[in-house]
2 protein chains.
Amino acid sequence: MSTAELLGDERLPLYQRLADSLRQDIVDGVRSPGDRLPSENVIAEEYGLAPGTARQALAKLVGEGILERFHGKGTFVRRPSFDKSLFRFFRFRGADGAHVVPQSRILQRSVEPAPAHVARHLNLKAEDPSIFFNRLRVIEGVPVVVEEIWLPLEAFRDILSIEPESIGPLLYPLYSTLCGHVVARAQEELTVGRAEAETAEILCVAEGEPVVVIDRLARGYDDTPLEWRRSRGRADQFHYHTEIR
Amino acid sequence: MSTAELLGDERLPLYQRLADSLRQDIVDGVRSPGDRLPSENVIAEEYGLAPGTARQALAKLVGEGILERFHGKGTFVRRPSFDKSLFRFFRFRGADGAHVVPQSRILQRSVEPAPAHVARHLNLKAEDPSIFFNRLRVIEGVPVVVEEIWLPLEAFRDILSIEPESIGPLLYPLYSTLCGHVVARAQEELTVGRAEAETAEILCVAEGEPVVVIDRLARGYDDTPLEWRRSRGRADQFHYHTEIR
DNA sequence: AAGTGGTCTAGACCACGTG
DNA sequence: ACGTGGTCTAGACCACTTC
């Protein structure tokens, strides 16, 4: 039976140090989304702790959204789902009213110097070369959202190796398989603006119509900024709801 | 030593039935926001459970936002804070940039037949008499948000007994002290519209300017709908941010 | 010093999913 | 039948707050 060591500040509770250790395994790629962890009894034995203590650590990571547990099956590294993205609140509905992933059309892909606000978010120097995508989201032929997407060139160079036409509607799986970068979480900001000439044309609305602007900064498990994007969509197609207390 | 009975479905876990029982005490007004609960050991003894089981029930209610615990002090019924209200994301900032509660001016208070959408949310019949407020939120003399507020007449009749001029910026404490109804949670929906003539005039913007519309349904601990309101504010003063994973 | 919640132990038994 | 997580017990000791 292998025994592991708990590192970190000895003044911290054991369950927290165990949680940190398990989280670090995910950051380091020792475990990846979808992987199953050893059972709580095995983990407890490995680290020389009582089962209840291991349990507490696992509960903490479930609360953080990093793990998920299924009765009778096991404990798994969660695949981030982005179900709560503000983006989701555009009415992406098919003819039957069901929620659908919109089709994507990549209008442009190029390497550009990073504008100042992009460089700031991605921890680059202004003008550092970066990968730029301009993408249109379409549902049943109707343009709904237009996006600018920025990636640091060094970390994502391999994404230039495939044809833009062959890129499907989801980018994050590509980031993972082609470039080894897993998006673990993101922050989003919502503001309301008015369509400028170019945006209005792409979205097929009159210039000056209200648009919802969503800025998203996506990060890895270790909080490294991976991608910054700005999405603009028709405001009349947007409807957000939330629960407060 | 008083001993209490756990009611409810016997197939449910004990900690859940205990949580339900404690929650019901709050619904019934046996305990109110700010009250301190007995210690976990006392609760466990009262219900004939192990301390760990009582602990689990308390943790569940903390997770629901109903209780809060303080090391060395005790367990308390939480006062809902509404920190997460979308409303908060209007730039209510004073000269120093700090977040401030805006001043309020009540433009109208009357008893009106409930419009259909209000009646639906408040579980009334259409045209049932209800209390209506029209209120303006102002910061440093600048109008920011205008609100329509609807209350069921029967439950809130006593709020008609005080002069509208003497009502401060916060209504929910009045609901509690005058009418005995505690707002425990709310749902909010955000959409974007354009200012109609009346709204534009009150907010001092041009007709047709984008406005953010926030609809809120506030509920008591037992989920009874208590208040429905629609707030309209200048879209250029709105900025929402959220964390996703 | 007394009382509170926070951490931790060392189990038992049950319910669920899979082979 | 077996291994998983879920529930529950019955404590011990520690850290924090209050008196």
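Treat the numbers as computed from the prediction; the structure is a model and nothing was measured. Order of the sequence lines fixes the chain letters, A, B, ..., with proteins taken first and strands second; residue numbering starts at 1 for each chain. Heavy-atom basis, side chains included; hydrogens, waters and symmetry copies ignored.
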Inset, instruction - Return the 5'-most residue of the pair His71(A), Tyr15(A) with respect to DNA chain C, ranking by each residue's nearest nucleotide. - result: Tyr15(A)
Inset, instruction - Assess the side chains of Tyr47(A) and Ser21(A): does a donor N or O sit below 3.5 Å from an acceptor N or O? - result: yes
Inset, instruction - Take atom CG of Leu14(B) and atom P of dC14(C), then tell me their distance rounded to the nearest Å. - result: 13 Å
Inset, instruction - Could you list all the side-chain hydrogen bond (donor to acceptor under 3.5 Å, both in side chains) pairs where at least one residue sits in residues 48-62 of chain B, not counting sequence neighbours? - result: Glu40(B)-Arg55(B)
Inset, instruction - Measure up the His181(B) and Phe156(B) rings against each other and bin them: parallel (under 30°), tilted (30 to 60°), perpendicular (over 60°). - result: tilted
Inset, instruction - Tell me, with the steps shown, if Trp150(A) and His121(A) meet ring pair (Phe, Tyr, Trp, His ring centres under 6.0 Å). - result: CA-CA 10 Å; Trp150(A) 295 87; His121(A) 285 117; over 10 Å; no
Legend entry - Base-paired stems in DNA chain C, each at least three Watson-Crick or G-U pairs under 3.5 Å: C:1-18 with D:1-18
Inset, instruction - Scan side-chain atoms only and decide if Asn41(B) and Ser39(B) contain a donor-acceptor pair under the 3.5 Å cut-off. - result: no
Inset, instruction - Assign Leu58(A) to base, sugar-phosphate, or nothing according to its heavy-atom contacts below 4.0 angstrom with the strands shown. - result: nothing
Legend entry - Rounded distance in Å - CG (Leu12(B)) to C1' (dA15(C)): 14 Å
Inset, instruction - Let me know, please, whether Ala54(A) or Lys73(A) comes out on the 5' side of the other along DNA chain C by nearest nucleotide. - result: Ala54(A)
Inset, instruction - Starting from the C-alpha separation in whole Å, work towards a yes-or-no answer on salt bridge (charged side-chain N to carboxylate O under 4.0 Å, His left out) for Glu227(A) and Arg219(A). - result: CA-CA 7 Å; Glu227(A) 174 212 67; Arg219(A) 298 175 181 273; over 6 Å; no
Inset, instruction - Answer yes if the side chains of Glu188(B) and Thr242(A) hold a donor-acceptor pair under 3.5 Å, and no otherwise. - result: no
Legend entry - Phosphate-side-chain proximity, Thr75(B) and dT4(C), N/O vs OP1/OP2 below 4.0 Å: no
Inset, instruction - Would you grab the first and last nucleotide of DNA chain D (5' to 3') that comes under 4.0 Å of any non-hydrogen atom in chain B? - result: dT7(D) to dT18(D)
Inset, instruction - Decide whether His239(A) and Glu189(B) meet the rule of one side-chain donor and one side-chain acceptor closer than 3.5 Å. - result: yes
Inset, instruction - Report the distance from atom CZ of Arg69(A) to atom P of dA15(C), rounded to the nearest whole Å. - result: 18 Å
